[in-house]
Trainee: 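I am attaching a structure below and will ask some questions about it afterwards.
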Number of protein chains: 2
Amino acid sequence: MSLESILNNSNNYQPGLSIDCVIFGFHDNSLKVLLLKPKFSEKWTLPGGFVTVDDSIDVAAVNVLKERTGLTGIFLRQFATFGDINRDEIDFNTKVLEFFKIPKENAKWYLQRFVTIGYYALVDFFETIPSANGKYEIIEWIDLNNIPELILDHNKILNKALENLRLELNSLPIGFNLLPEKFTMTELQKLYETILGRELDRRNFFRKMNSIGILKKLDEKKSNVSHKAPNFYCFDTENYQKVLKDGLNMGW
Amino acid sequence: MSLESILNNSNNYQPGLSIDCVIFGFHDNSLKVLLLKPKFSEKWTLPGGFVTVDDSIDVAAVNVLKERTGLTGIFLRQFATFGDINRDEIDFNTKVLEFFKIPKENAKWYLQRFVTIGYYALVDFFETIPSANGKYEIIEWIDLNNIPELILDHNKILNKALENLRLELNSLPIGFNLLPEKFTMTELQKLYETILGRELDRRNFFRKMNSIGILKKLDEKKSNVSHKAPNFYCFDTENYQKVLKDGLNMGW
DNA sequence: ACAAAAGTGTTTGGCGTACACCCATGA
DNA sequence: TCATGGGTGTACGCCAAACACTTTTGT
């Protein structure tokens with residue numbers, strides 16, 4: 001949705017409220033975040049959007065995700081709402097309007113104080129089709145170890161999302177949305193390690209994961225590796241959903 | 001702040017955004033929540049408020065707490081934001097306007113769709129001075145085991161607050177804000193038990209608490225009990241703050 | 001003396017950590 | 001046959017759960 005069309009229909013949008021999504025993907029054994037670099041800004045931004053007056057905020061977040069990745073039915077969690085008074089969104093939005101040469105008078109809706117609701121998502125890197133919104137921005141997977149300076153409080157939002165993801169790891173199984181259908185135990189371990197930011201014992205991880213009962217060992221091994229061929233696993237969807245619902249208790 | 005004065009200054013208020021606070025207190029060995037019963041409603045409500053355009057949302061929450069309890073410097077945590085489309089706040093707010101005989105035309109600000117940010121607070125029951133807002137409502141401590149039907153999605157908000165409080169119990173020391181200055185170990189245990197909703201072993205709790213190092217044993221015992229006099233304890237403020245900042249890791 | 005709850009000590013089992021060892025595969 | 005990482009077994013130690021026992025107070 002372009003800024004012009006939003007401003008032309010600003011009555012349809014919840015005033016002063018936005019959504020920002022921290023979209024995590026996993027590739028090359030490292031955790032990535034989907035970020036935007038608009039032409040009108042030196043800094044990068046989180047993909048975001050607005051809330052129409054007749055959509056629930058969760059639906060608005062789902063829509064952002066769909067717009068930016070093409071994906072639906074994804075793991076998505078609200079984690080915090082940001083409403084500090086020094087978010088400086090009015091200054092920033094003024095610059096955006098100048099770039100697009102939209103007169104301030106036509107953009108009252110855009111020049112108010114904004115509060116933003118943060119969501120984070122876990123998506124399959126290879127299923128994702130990152131979509132820039134028109135020619136004024138590029139969208140890219142950025143490695144978590146290499147996050148640039150972001151606009152407003154977006155760095156804070158991203159860090160908070162990561163913090164929450166780490167916490168959730170203790171009570172939720174993850175990986176289903178981040179990994180391809182078939183994967184090796186080591187790939188799953190690397191995922192956990194990048195999220196947690198530290199190394200885990202290979203052998204203990206192996207047993208811990210198996211004991212949860214959300215993995216199915218496949219009759220297939222990875223080939224073309226110059227060592228013992230590791231087995232492929234997939235998630236046992238039924239059990240996975242059950243554990244996702246009931247929660248689980250593992251300290252990492 | 002009365003509804004009339006808010007409507008007269010609606011430009012000063014963030015549109016479509018409200019704050020709801022779940023204020024927990026501890027008394028008679030049970031957990032209570034501060035609730036309002038407005039005259040214009042069959043149901044009870046959580047104490048809430050609105051956000052002025054130049055206050056951060058956290059400040060708005062602090063203000064609600066101060067208004068309702070007279071307290072400042074209290075443990076207060078944002079836990080979730082609620083923006084389902086079936087919150088039905090417009091229907092409800094319409095009834096409120098009818099009760100106060102405010103014409104709809106003067107209350108556009110009030111008749112939009114609202115999203116609400118949930119906070120929970122832990123306060124000292126005896127320090128709290130519950131304040132009703134004018135003569136159109138009463139305010140009361142309601143036992144957690146006896147929560148009535150609340151307006152809109154307030155029951156859901158309350159339950160979510162409790163859920164979050166229980167989670168936080170694993171990483172934070174609590175009690176400092178909920179108990180009087182001097183207390184016995186059993187009183188502290190009852191507090192944990194009511195929050196968790198289950199009984200704990202007296203002896204293991206005793207040792208666990210002592211091992212954290214946030215308690216100071218006082219040279220004073222409770223008298224007039226027909227059994228061995230329990231010792232009084234207080235919190236070691238310095239250590240308590242340290243643990244509050246650094247977090248802690250105890251499964252309950 | 002007795003009831004009731006505080007406070008102390010001890011046992012036990014499960015789980016996480018650490019690590020030794022064998023296995024399979026490509027070069 | 002060697003390097004490399006996959007997969008299995010096991011021993012140790014800590015901590016939480018369970019419970020026996022002693023202590024102190026009022027009646």
Side-chain angles (χ1 to χ4, degrees), chain A residues 28-30 166 169-171 173 175 179-180 182-234 243 247-252, chain B residues 28-29 166 169-171 173 175 179 182-234 243 247-252:
Chain A
D28 271 349
N29 280 344
S30 64
R166 282 182 182 155
L169 221 51
N170 290 317
S171 57
L179 291 174
K182 293 185 296 188
F183 51 88
T184 66
M185 195 60 93
T186 305
E187 285 162 358
L188 183 58
Q189 185 185 339
K190 292 291 177 199
L191 170 59
Y192 271 77
E193 287 181 338
T194 33
I195 293 178
L196 291 167
R198 63 188 173 83
E199 297 191 346
L200 300 170
D201 185 278
R202 180 176 57 87
R203 298 152 285 188
N204 295 329
F205 182 83
F206 190 94
R207 244 163 318 144
K208 196 164 183 171
M209 269 300 151
N210 273 325
S211 72
I212 303 176
I214 55 172
L215 293 180
K216 272 197 293 200
K217 189 173 182 171
L218 296 174
D219 264 344
E220 193 182 349
K221 297 184 178 196
K222 192 166 187 171
S223 52
N224 289 318
V225 282
S226 69
H227 52 76
K228 180 169 176 179
N231 221 291
F232 274 120
Y233 290 81
C234 71
V243 175
L248 102 133
N249 189 9
M250 31 200 349
W252 286 109
Chain B
D28 271 350
N29 281 344
R166 282 182 182 154
L169 220 52
N170 290 317
S171 57
L179 291 174
K182 293 184 296 185
F183 51 88
T184 67
M185 194 61 93
T186 304
E187 284 162 0
L188 183 58
Q189 185 185 338
K190 292 291 177 199
L191 170 58
Y192 270 77
E193 287 181 340
T194 31
I195 292 178
L196 291 166
R198 64 190 172 83
E199 296 191 348
L200 300 170
D201 184 276
R202 181 175 57 87
R203 298 152 285 191
N204 294 330
F205 181 83
F206 191 92
R207 243 164 317 143
K208 197 163 182 171
M209 269 301 151
N210 273 324
S211 73
I212 303 175
I214 55 171
L215 292 181
K216 272 197 294 198
K217 190 173 182 172
L218 296 175
D219 263 344
E220 192 183 347
K221 297 183 175 194
K222 191 165 186 170
S223 52
N224 291 317
V225 282
S226 69
H227 54 74
K228 180 168 177 178
N231 221 290
F232 274 120
Y233 290 83
C234 72
V243 174
L248 100 137
N249 189 7
M250 30 201 350
W252 288 107

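Values reported hereafter were calculated over all heavy atoms of this structure, with side chains retained and with hydrogens, waters and symmetry mates removed. So you know, we letter chains A, B, ... as the sequences are listed, proteins then strands, and number each from 1.
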Trainee: Both K217(A) and H227(A) contact DNA chain D. Which one's nearest nucleotide lies toward the 5' end?
Mentor: H227(A)
Trainee: Between N170(B) and N170(A), is there a side-chain heavy-atom distance shorter than 4.5 Å?
Mentor: no
Trainee: Rounded to whole Å, please give me the gap between CG in L215(A) and C1' in dG6(D).
Mentor: 15 Å
Trainee: For each nucleotide in nucleotides 11-20 of chain C, reading 5' to 3', give B when a protein heavy atom comes within less than 4.0 Å of its base, S when such contact involves only the sugar-phosphate, and - otherwise.
Mentor: ------BBBB
Trainee: Roughly, in whole Å, what's the span from CE in M209(B) to C1' in dT8(C)?
Mentor: 19 Å
Trainee: What's the NZ-P distance between K222(A) and dT4(D), to the nearest Å?
Mentor: 18 Å
Trainee: According to side chain to side chain donor-acceptor pair (under 3.5 Å), who are the partners of E220(A), at least two apart in sequence or on a separate chain?
Mentor: K182(A)
Trainee: Please report the distance, rounded to the nearest Å, between CZ in F206(A) and C1' in dT8(D).
Mentor: 9 Å
Trainee: Only counting residues at least two apart or in another chain, list the ones meeting salt bridge (charged side-chain N to carboxylate O under 4.0 Å, His left out) with R203(A).
Mentor: D201(A)
Trainee: Measure CG/N210(B) against C1'/dG9(C) and give the value in whole Å, please.
Mentor: 15 Å
Trainee: Find which nucleotide of DNA chain C each of S226(A) and M185(B) is nearest to by heavy atoms, and output the residue with the more 5' nucleotide.
Mentor: M185(B)
Trainee: Who passes salt bridge (charged side-chain N to carboxylate O under 4.0 Å, His left out) against K228(A), sequence neighbours left out?
Mentor: none
Trainee: Give T186(B) one of three labels, base, sugar-phosphate or nothing, depending on what nucleic acid heavy atoms sit under 4.0 Å from its own.
Mentor: sugar-phosphate
Trainee: With sequence neighbours excluded, tell me which residues meet side chain to side chain donor-acceptor pair (under 3.5 Å) with S171(B).
Mentor: none
Trainee: For K221(B), which residues count as a side chain to side chain donor-acceptor pair (under 3.5 Å) partner, sequence neighbours excluded?
Mentor: none
Trainee: Between C1' on dG5(D) and CG on N224(A), what's the gap in Å once rounded to a whole number?
Mentor: 15 Å
Trainee: Can you sort out the partners of E193(A) under side-chain contact (heavy atoms from CB on, under 4.5 Å), two or more places apart, ordered by chain and number?
Mentor: Q189(A), K190(A), E199(A), L200(A)
Trainee: Listed in order of residue number, which residues of residues 191-200 of chain A have a non-hydrogen atom at under 4.0 Å from DNA chain D?
Mentor: none
Trainee: In whole angstrom, give the distance that lies between atom NZ of K228(B) and atom C1' of dA5(C).
Mentor: 9 Å
Trainee: Tell me every residue that passes side chain to side chain donor-acceptor pair (under 3.5 Å) with R198(B), counting only those two or more places apart in sequence or in another chain.
Mentor: none
Trainee: Could you give the NZ-to-C1' distance, from K190(B) to dA5(C), as a whole number of Å?
Mentor: 11 Å
Trainee: Starting at the 5' end of DNA chain C and moving along, which residue's nearest nucleotide shows up first, A229(A) or A229(B)?
Mentor: A229(B)
Trainee: Write down the atom of L218(B), the atom of C234(B), and the distance for their closest heavy-atom approach.
Mentor: CD2-SG, 3.8 Å
Trainee: Quick one: list whatever passes ring pair (Phe, Tyr, Trp, His ring centres under 6.0 Å) with F232(B), sequence neighbours left out.
Mentor: none
Trainee: Run the salt bridge (charged side-chain N to carboxylate O under 4.0 Å, His left out) test against K208(B) and tell me which residues pass, sequence neighbours left out.
Mentor: none
Trainee: When the axes are fitted on five pairs at both termini, how much does the helix from dA1(C)-dT27(D) to dA27(C)-dT1(D) curve, in 10° steps?
Mentor: 10°
